[in-house]
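Note sheet for the following structure.
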Amino acid sequence: MVIKVFIASSSGSTAIKKQQQDIMGFLTVNKIDFKECDIVTSEDNRKWMRENVPEDFRPMTGVPLPPQIFNEEHYCGNYEAFFDAREEHAVYAFLGLTAPPGSKEAEALAGLEQQ
(Lines give C-alpha, C1' and ligand atoms only; values in the text may rest on other atoms or scores of the structure.)
Protein backbone atom coordinates (compact mmCIF):
# COMPACT_ATOMS: atom_id res chain seq x y z
CA MET A 1 0.00 0.00 0.00
CA VAL A 2 1.27 3.41 -0.94
CA ILE A 3 0.28 6.55 0.89
CA LYS A 4 -0.11 9.36 -1.64
CA VAL A 5 0.09 12.97 -0.51
CA PHE A 6 -1.18 15.38 -3.14
CA ILE A 7 0.63 18.69 -2.85
CA ALA A 8 1.11 21.94 -4.78
CA SER A 9 4.85 22.61 -5.14
CA SER A 10 4.34 26.26 -6.00
CA SER A 11 1.38 27.39 -3.93
CA GLY A 12 0.97 31.06 -3.14
CA SER A 13 -0.69 30.12 0.15
CA THR A 14 1.64 29.90 3.15
CA ALA A 15 -1.06 27.93 5.01
CA ILE A 16 -1.08 25.23 2.32
CA LYS A 17 2.74 25.12 2.28
CA LYS A 18 2.86 24.68 6.07
CA GLN A 19 0.17 21.98 6.01
CA GLN A 20 2.03 20.05 3.31
CA GLN A 21 5.32 20.33 5.22
CA ASP A 22 3.61 19.22 8.44
CA ILE A 23 2.16 16.07 6.85
CA MET A 24 5.29 15.07 4.97
CA GLY A 25 7.51 15.83 7.96
CA PHE A 26 5.36 13.65 10.22
CA LEU A 27 5.35 10.77 7.72
CA THR A 28 9.13 11.04 7.24
CA VAL A 29 9.94 11.18 10.96
CA ASN A 30 7.69 8.17 11.63
CA LYS A 31 9.19 6.25 8.69
CA ILE A 32 5.85 5.91 6.91
CA ASP A 33 6.50 5.44 3.20
CA PHE A 34 4.65 7.90 1.02
CA LYS A 35 4.62 9.24 -2.50
CA GLU A 36 4.48 12.97 -3.11
CA CYS A 37 2.09 13.74 -5.99
CA ASP A 38 2.50 17.29 -7.26
CA ILE A 39 -0.65 18.75 -8.84
CA VAL A 40 1.28 21.73 -10.25
CA THR A 41 3.71 19.78 -12.42
CA SER A 42 1.31 17.00 -13.42
CA GLU A 43 -2.11 17.56 -14.94
CA ASP A 44 -2.81 13.83 -14.41
CA ASN A 45 -2.20 14.20 -10.65
CA ARG A 46 -4.43 17.29 -10.50
CA LYS A 47 -7.30 15.57 -12.35
CA TRP A 48 -6.96 12.33 -10.37
CA MET A 49 -7.00 14.14 -7.01
CA ARG A 50 -9.99 16.30 -7.91
CA GLU A 51 -11.97 13.37 -9.28
CA ASN A 52 -11.25 11.06 -6.33
CA VAL A 53 -11.99 13.31 -3.36
CA PRO A 54 -15.47 12.08 -2.33
CA GLU A 55 -18.39 14.47 -2.80
CA ASP A 56 -18.96 14.71 0.95
CA PHE A 57 -15.44 16.07 1.44
CA ARG A 58 -15.40 18.66 -1.34
CA PRO A 59 -15.73 22.36 -0.59
CA MET A 60 -19.13 23.96 -1.17
CA THR A 61 -17.61 26.08 -3.92
CA GLY A 62 -14.51 25.50 -6.01
CA VAL A 63 -12.33 22.41 -6.10
CA PRO A 64 -10.53 20.41 -3.40
CA LEU A 65 -7.19 21.98 -2.52
CA PRO A 66 -4.03 20.21 -1.41
CA PRO A 67 -2.88 18.62 0.73
CA GLN A 68 -5.10 15.58 0.20
CA ILE A 69 -4.11 12.11 1.44
CA PHE A 70 -4.93 8.73 -0.11
CA ASN A 71 -3.92 5.14 0.62
CA GLU A 72 -3.72 3.85 -2.95
CA GLU A 73 -7.22 4.75 -4.25
CA HIS A 74 -8.81 5.00 -0.78
CA TYR A 75 -9.38 8.59 0.35
CA CYS A 76 -8.00 9.22 3.85
CA GLY A 77 -8.67 12.94 4.20
CA ASN A 78 -7.34 16.47 4.07
CA TYR A 79 -5.05 18.31 6.47
CA GLU A 80 -7.73 18.94 9.09
CA ALA A 81 -8.60 15.23 9.24
CA PHE A 82 -4.90 14.34 9.44
CA PHE A 83 -4.38 16.88 12.23
CA ASP A 84 -7.32 15.48 14.20
CA ALA A 85 -6.02 11.91 13.79
CA ARG A 86 -2.56 12.96 14.97
CA GLU A 87 -4.01 14.69 18.04
CA GLU A 88 -5.94 11.51 18.88
CA HIS A 89 -2.89 9.26 18.27
CA ALA A 90 -4.79 7.55 15.45
CA VAL A 91 -2.73 8.43 12.37
CA TYR A 92 -2.10 4.80 11.38
CA ALA A 93 -5.82 4.02 11.49
CA PHE A 94 -6.50 7.25 9.56
CA LEU A 95 -4.03 6.11 6.89
CA GLY A 96 -5.41 2.56 6.82
CA LEU A 97 -2.15 1.12 8.19
CA THR A 98 -1.33 -1.14 11.12
CA ALA A 99 0.26 0.76 13.99
CA PRO A 100 3.80 -0.47 14.75
CA PRO A 101 4.37 -2.24 18.08
CA GLY A 102 5.36 0.19 20.82
CA SER A 103 3.69 3.21 19.24
CA LYS A 104 1.18 5.21 21.29
CA GLU A 105 -1.52 4.15 18.85
CA ALA A 106 -0.69 0.43 19.19
CA GLU A 107 -0.62 0.74 22.98
CA ALA A 108 -4.00 2.50 22.97
CA LEU A 109 -5.50 -0.23 20.76
CA ALA A 110 -4.08 -2.95 23.01
CA GLY A 111 -5.62 -1.21 26.03
CA LEU A 112 -9.02 -1.11 24.34
CA GLU A 113 -8.82 -4.79 23.43
CA GLN A 114 -8.11 -5.76 27.05
CA GLN A 115 -11.23 -4.00 28.31
Which heavy atom in [X] sits nearest to a heavy atom in [Y], and how many Å separate them?
X	Y	answer
Asn71	Leu95	ND2-O, 2.7 Å
Thr41	Ser9	CG2-OG, 4.2 Å
Met49	Pro64	CE-O, 3.2 Å
Val2	Lys35	CG1-CB, 3.9 Å
Val40	Ser10	CG1-OG, 3.4 Å

Mind running side-chain hydrogen bond (donor to acceptor under 3.5 Å, both in side chains) on Tyr75 and Asn52 for me, showing each step along the way?
CA-CA 7 Å; Tyr75 181 68; Asn52 289 281; over 6 Å; no
With Phe70, the ring pair (Phe, Tyr, Trp, His ring centres under 6.0 Å) member among Trp48, Phe94, Phe34, Phe82:
Trp48
Side-chain donor/acceptor of [X] to backbone N/O of [Y], under 3.5 Å:
X	Y	answer
Arg58	Arg50	yes
Asn30	Ile32	no
Asn78	Gln68	no
Glu105	Tyr92	yes
Ser11	Ala8	no
Ser103	Ala99	no

Salt bridge Glu73-Lys4, side-chain N to carboxylate O under 4.0 Å
yes
Answer yes or no: is there an ion pair linking Arg86 with Asp22, defined by an N-O contact shorter than 4.0 Å?
yes
Does the side-chain contact (heavy atoms from CB on, under 4.5 Å) test come out yes or no for Glu36 and Val5, once each step is laid out?
CA-CA 5 Å; Glu36 194 176 300; Val5 181; 5.8 Å; no
Give, for atom [atom1] of [X] and atom [atom2] of [Y], the distance between the pair rounded to the nearest 0.5 Å.
X	Y	atom1	atom2	answer
Ile39	Ile7	CD1	CD1	8.5 Å
Thr28	Ile23	OG1	CD1	11.5 Å
His74	Ile3	NE2	CD1	9.0 Å

Are Val53 and Tyr79 in one and the same hydrophobic cluster, where Ile, Leu, Val, Met, Phe, Trp and Tyr link if side-chain heavy atoms are under 4.5 Å apart?
no
